[in-house]
Amino acid sequence: MSAEPPVPETSVLAVASHVVSGHVGNKIAVFVLQSMGCDVSALNTVQFSNHTGYRQWKGTRVSAQEITDLWEGLKQSYLDQFDMMLSGYVPGAAAVEAVGNIAKELKEKSRTKPGSFFWVLDPVMGDNGKLYVADDVVPAYRGLVQHADLILPNQFEAEQLSEVKITDSASLRQAIEVLHTKFNIPHIVITSVSLPLSDSQTTSPNSRTMSVVGSTKTSTGKPRLFKIHFPVFECYFSGTGDMFAALMVVRMREVVHNAGGALSSTTSWLSGDEVAPLDLPLARAAEKVLASMHEVLSRTCESMATETAQAGIVNGLPAGGATLSSEEEEKKRHLLRSRAAELRLVRNLSCLRSPNIEYRAEKM
């Protein structure tokens, strides 16, 4: 593992949820970003005991006013200089707007120095056809995404933003084109496309794959599309989107910095129209992100099997052999499985910094 960070000195404002125990939201983002050499300021939008996948938790959500107050506190102490911003889960439409105001203020400050600030927006709204935020959060994001440099929706969130139902390659392309043209978003990565995008992409139950689909717009707003297929682990994880987003912050910064020339001082780090889809910084960054994701998830699956076996729940038995009601037993199994599924990050730094790239971008 390289001793040198992959990015130059980079200050990041990370706005997302926080949990006391486990790895989601800013608990992941801060660790990943700091491990890769970034100086991180964390603005936490919730303070929960654990993530909601456990089906029980304690804690509070931060209000829009509290978000604004924290930002004002940073400004009054001259602590508001950031190269990049990452925003994830935000509770409620008013809070989304408060976070958006911070990003717009930072972008306005950088207007005289193009390329000096880059906002990565993960519009956390739902998945698998269901919203897990209030209905008014969707229009709040639609009014905000035009200010982002890179957005990272999953397939369902891309549908909500573009108002295009994604059912095949053609509608996927249409949704991305809408996001580029209607909202003028420079870079888009749809993080989990479940539909087959090529004849070679298998849908066998024993080797199920998904795709990441990305695009950087041309000067006329046309998409430059690429896809990366990757195998799906038959395990349930929480926090994968947060990990993906944090890694994209680092890898975009790395690729643009290493490209040299004028790219790093170009608004939104937009490559010239002559750059082909597979040569885009976005494609190169996504390849490295997926490489790290695959290695961390693989090691998490291995640890999960060991931990659940030690807890005595492989065969549906409660830990310790205690006598429980069926309802109590199922609840305990779920909590133990949730704990075992926490991402294994801390002891796998090499997966973050120096992953082996197996899955390459392909042109669509």
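We're numbering straight along the sequence, starting at 1. From a predicted model like this one, the values you see are computed outputs, not experimental measurements.
Residues His257 and Val7 fail the side-chain proximity criterion, which asks for heavy atoms closer than 4.5 Å. Side chains of Leu195 and Thr167 form no contact here, defined as non-hydrogen atoms less than 4.5 Å apart. Side-chain atoms of His18 and Val24, non-hydrogen and from C-beta on, never get closer than 4.5 Å to each other. Residues Met243 and Leu352 have side chains in contact (heavy-atom distance under 4.5 Å, counting atoms from C-beta outward).
A distance-only check finds no donor-acceptor pair linking the side chain of Ser303 to the backbone of Thr300 [under 3.5 Å]. Between the side chain of Glu157 and the backbone N or O of Gly126, at least one donor-acceptor pair lies under 3.5 Å. At least one donor-acceptor pair under 3.5 Å links the side chain of Asn348 to the backbone N or O of Arg344. In this structure, the side chain of Glu295 engages the main chain of Asn356 through a donor-acceptor pair within 3.5 Å. A donor-acceptor contact shorter than 3.5 Å is absent between the side chain of Asn101 and the backbone of Thr68. With Ser49 contributing its side chain and Trp57 its backbone, the two residues share no donor-acceptor pair below 3.5 Å. Using a distance-only test at 3.5 Å, with no hydrogens or angles considered, no donor-acceptor pair links the side chain of Ser77 to the main chain of Leu74. In this structure, Lys109 contributes its side chain and Asp80 its backbone to a donor-acceptor pair below 3.5 Å. One N or O on the side chain of Thr45 and one on the backbone of Tyr89 form a donor-acceptor pair closer than 3.5 Å. Checking side-chain atoms of Gln174 against main-chain N and O of Val164 turns up no donor-acceptor pair under 3.5 Å.
When hydrophobic clusters are built by joining Ile, Leu, Val, Met, Phe, Trp and Tyr residues whose side-chain heavy atoms come closer than 4.5 Å, directly or via intermediates, Val145 is grouped together with Phe156. Under the 4.5 Å side-chain heavy-atom criterion for ILVMFWY residues, a single connected hydrophobic cluster contains both Ile228 and Met210. In the hydrophobic cluster analysis, where Ile, Leu, Val, Met, Phe, Trp and Tyr join through side-chain heavy atoms closer than 4.5 angstrom, Val124 is grouped apart from Tyr236.
Looking at residues two or more places apart in sequence or on another chain, you find a side-chain hydrogen bond (donor to acceptor under 3.5 Å, both in side chains) between Glu66 and Ser63. Legend: residues meeting side-chain hydrogen bond (donor to acceptor under 3.5 Å, both in side chains) with Ser268, ordered by chain and number and at least two apart, are Asp149. Qualifying ring pair (Phe, Tyr, Trp, His ring centres under 6.0 Å) partners for His294, counting only residues two or more places apart in sequence or in other chains: Phe233, Tyr359. Under the ring pair (Phe, Tyr, Trp, His ring centres under 6.0 Å) criterion, His187 pairs with Phe118, not counting sequence neighbours. Every side-chain hydrogen bond (donor to acceptor under 3.5 Å, both in side chains) that Glu72 has, sequence neighbours left out, goes to Lys75.
In this model, no donor atom of one side chain and acceptor atom of the other lie less than 3.5 Å apart for Thr209 and His229. For the 3.5 Å distance criterion, the side chains of Gln56 and Lys331 qualify, holding a donor opposite an acceptor. Arg224 and Ser215 share no side-chain donor-acceptor pair at under 3.5 Å. Residues Thr218 and Asp273 have side chains that never bring a donor and an acceptor to within less than 3.5 angstrom of each other. A donor-acceptor contact closer than 3.5 angstrom links the side chains of Ser87 and Trp119.
Rounding to the nearest 0.5 Å places OG of Ser169 at 6.5 Å from NZ of Lys227.
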Walk me through it: do Asp39 and Glu9 pass the test side-chain contact (heavy atoms from CB on, under 4.5 Å)? CA-CA 8 Å; Asp39 183 17; Glu9 288 193 14; over 6 Å; no

Met85 and Leu106: side-chain contact (heavy atoms from CB on, under 4.5 Å), yes or no, with the steps? CA-CA 9 Å; Met85 176 172 164; Leu106 286 167; 4.1 Å; yes

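Taking 4.0 Å as the cut-off between side-chain N and carboxylate O, Glu329 and Lys332 do not count as a salt-bridged pair. The pair Glu108-Arg111 meets the salt-bridge criterion, with a side-chain N (NZ, NE, NH1 or NH2) lying under 4.0 Å from an Asp/Glu carboxylate O. A salt bridge does not link Glu287 with Arg251: every distance from a Lys NZ or Arg NE/NH1/NH2 to an Asp or Glu carboxylate oxygen is 4.0 Å or more.
Under the 6.0 Å cut-off for aromatic ring centres, His51 and Phe48 do not qualify, their centroids lying 6.0 Å or more apart.
The environment of Lys104 atom NZ is dense: over 12 non-hydrogen atoms of other residues, nucleotides or ligands sit within 6.0 angstrom. At most 12 non-hydrogen atoms from other residues, nucleotides or ligands lie less than 6.0 angstrom from CZ of Arg173.
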Could you give the side-chain donor-acceptor pairs of residues 25-35 under 3.5 Å, partners two or more places apart or in another chain?
unit_1, atom_1, unit_2, atom_2, d
Asn26, ND2, Ala14, O, 3.1
Asn26, ND2, Leu43, O, 3.4
Asn26, ND2, Asn44, OD1, 3.0
Lys27, NZ, Val19, O, 3.4
Lys27, NZ, Val20, O, 2.8
Lys27, NZ, Gly22, O, 3.4
Ser35, OG, Phe31, O, 2.7

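Remark: of the listed residues Leu13, Leu121, Ile67, Ile67 is the sole one forming a side-chain contact (heavy atoms from CB on, under 4.5 Å) with Val99.
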